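Input: a single structure, listed below in structure tokens.
All of these numbers come straight from a predicted model, not from anything done at the bench. Letters A, B, ... mirror the listed sequences (proteins, then strands); counts begin at 1. What you see below is based on every heavy atom in this structure, not just the backbone, and it leaves out hydrogens, waters and symmetry mates.
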2 protein chains.
Amino acid sequence: MFKYDYPHPAVTTDCVIFGYDTREGLSVLLIERGIEPFRGCWAFPGGFMRIDEDADTGALRELKEETGFEPLYIEQFGAFTDVDRDPRERVITIAYLALVKKGPVAGGDDASKARWFPLNAVPALAFDHDRILRVAISRLREQIHFRPIGFDLLPPVFTMPQLQSLYESILGTHFDRRNFAAKMLHLGLLEADKERSENTPRRVPTTYRFNKDRYEEMKSGGFRIEF
Amino acid sequence: MFKYDYPHPAVTTDCVIFGYDTREGLSVLLIERGIEPFRGCWAFPGGFMRIDEDADTGALRELKEETGFEPLYIEQFGAFTDVDRDPRERVITIAYLALVKKGPVAGGDDASKARWFPLNAVPALAFDHDRILRVAISRLREQIHFRPIGFDLLPPVFTMPQLQSLYESILGTHFDRRNFAAKMLHLGLLEADKERSENTPRRVPTTYRFNKDRYEEMKSGGFRIEF
DNA sequence: TTCATATTGTGTGAATTTTACGCAAAGATA
DNA sequence: TATCTTTGCGTAAAATTCACACAATATGAA
């Protein structure tokens with residue numbers, strides 16, 4: 001039993017985990033809650049922050065425990081603190097945005113009910129997670145202009161059409177194929193690859209790799225990807 | 001006495017309050033701590049979040065109580081959760097960025113020791129507030145591209161040189177006078193004012209007002225101020 | 001093998017925006 | 001009235017964005 005002179009809220013972390021594939025576009029990973037409150041509802045993986053770990057560590061721990069994924073990018077994007085957002089007691093949550101390489105859920109102990117949902121087919125969510133998701137998406141859209149985080153969602157070797165549909169999926173817009181390729185190549189972050197991509201219906205597109213060293217160089221002088 | 005099965009951290013809010021005037025440029029409002037820990041150190045106004053209010057409400061309350069200012073803009077920009085950031089007990093803080101019309105500190109009860117510091121003359125700060133300040137400044141620089149929040153820092157009627165030095169002060173850069181004016185006017189957010197500005201050494205610059213209605217119109221179609 | 005089809009790679013000119021900078025007008029001071 | 005400083009306006013060159021055409025490559029059917 002832990003005692004305080006003043007009431008303290010409980011603190012949780014929640015992870016909005018995005019993944020991507022060409023078939024379903026941008027998707028988010030949800031877990032079906034096995035316990036009350038909101039039993040049977042879908043929610044973000046997350047849990048109580050331990051008293052001896054910071055929120056970043058806690059979010060990462062919960063993410064791995066509940067989904068088995070190793071995030072390629074993770075970033076705190078806000079605290080959600082509405083007084084009655086949790087029916088049990090006063091709980092505030094610190095929300096994280098994570099990108100992972102999409103795949104079948106490897107499954108830790110709790111992961112039996114984890115599933116990917118394409119962004120346009122997300123069910124009603126527990127707590128205030130609907131609002132958290134909206135904020136996460138708008139944050140992802142902002143971030144993609146400043147960091148090449150999109151590349152974390154693709155395999156290490158990818159084609160220009162793949163890269164374009166990823167960007168279109170995240171930003172919800174359509175780009176001219178030729179202008180998109182020109183801009184991307186002009187950034188100097190891509191290098192053409194020898195290998196050929198597999199499983200393409202028509203002409204085989206050239207494959208590229210993301211040059212992370214080049215990106216690190218560019219960051220020092222400030223940096224922005226325009227679209 | 002409040003008892004929990006699991007340990008709960010304390011939760012505070014802290015406000016990084018920015019003000020501006022031509023003489024000192026961008027400044028931040030700090031309070032000298034009267035109690036331990038960090039007694040005598042300068043820190044952001046803030047305090048414990050109440051169990052029956054959300055963080056936004058708490059931040060606003062503390063801001064008003066401790067400084068007497070009414071923020072023209074306020075925005076949460078992050079939670080800081082390092083395990084040992086407070087020597088007393090586990091305390092996490094939710095940090096807010098606020099803009100106020102700079103003036104003498106009106107002073108609530110605690111405000112006796114509040115003072116404005118120009119950004120290039122900020123003393124060492126209590127807790128992890130140095131880091132919080134750095135994050136706040138970079139957030140302010142980002143935000144100024146998407147919202148005309150700079151106008152909240154100026155008097156309702158202002159001149160183009162005033163507006164320019166505000167932007168230069170926030171972004172830490174220098175713009176060509178003529179190009180800056182052209183871009184600003186081109187946005188359509190300014191309307192020329194009849195009145196003349198006072199106290200100018202040479203030629204009297206024309207004065208402008210910020211057209212908030214026009215801004216609200218523009219927001220719907222997405223919006224970005226480029227520099 | 002050949003042809004029609006689908007998809008990718010590259011280029012180019014027009015329109016727009018950014019950038020650098022010249023010059024005259026307006027007020028203050030001598 | 002002359003001089004100095006600051007503001008307002010304009011313009012040409014450079015860079016970027018945007019719309020679009022055409023050739024090249026692979027597949028599958030004839």
Residue pair B:Tyr73 / B:Glu75, side-chain donor-acceptor N/O under 3.5 Å: yes
Ion pair check, B:Glu191 and B:Arg214, cut-off under 4.0 Å: no
Side chain to side chain donor-acceptor pair (under 3.5 Å) pairs, two or more places apart, involving residues 120-136 of chain B: B:Arg85-B:Asp128
Is there a side-chain polar atom (N or O) of A:Thr206 under 4.0 Å from OP1 or OP2 of C:dG9? yes
So if I take residues 169-191 of chain A and measure heavy-atom distances to DNA chain C, which residues fall below 4.0 Å? A:Arg177, A:Arg178
Looking at B:Arg115 and B:Glu32, is there a salt bridge between them, counting it only when a charged N and a carboxylate O are closer than 4.0 Å? no
B:Phe180: ring-ring contact (aromatic ring centres under 6.0 Å, His included) partners, not counting sequence neighbours: B:Tyr167, B:Phe175, B:Phe227
Let me know the distance between CZ of A:Phe158 and P of C:dT8, rounded to the nearest Å. 15 Å
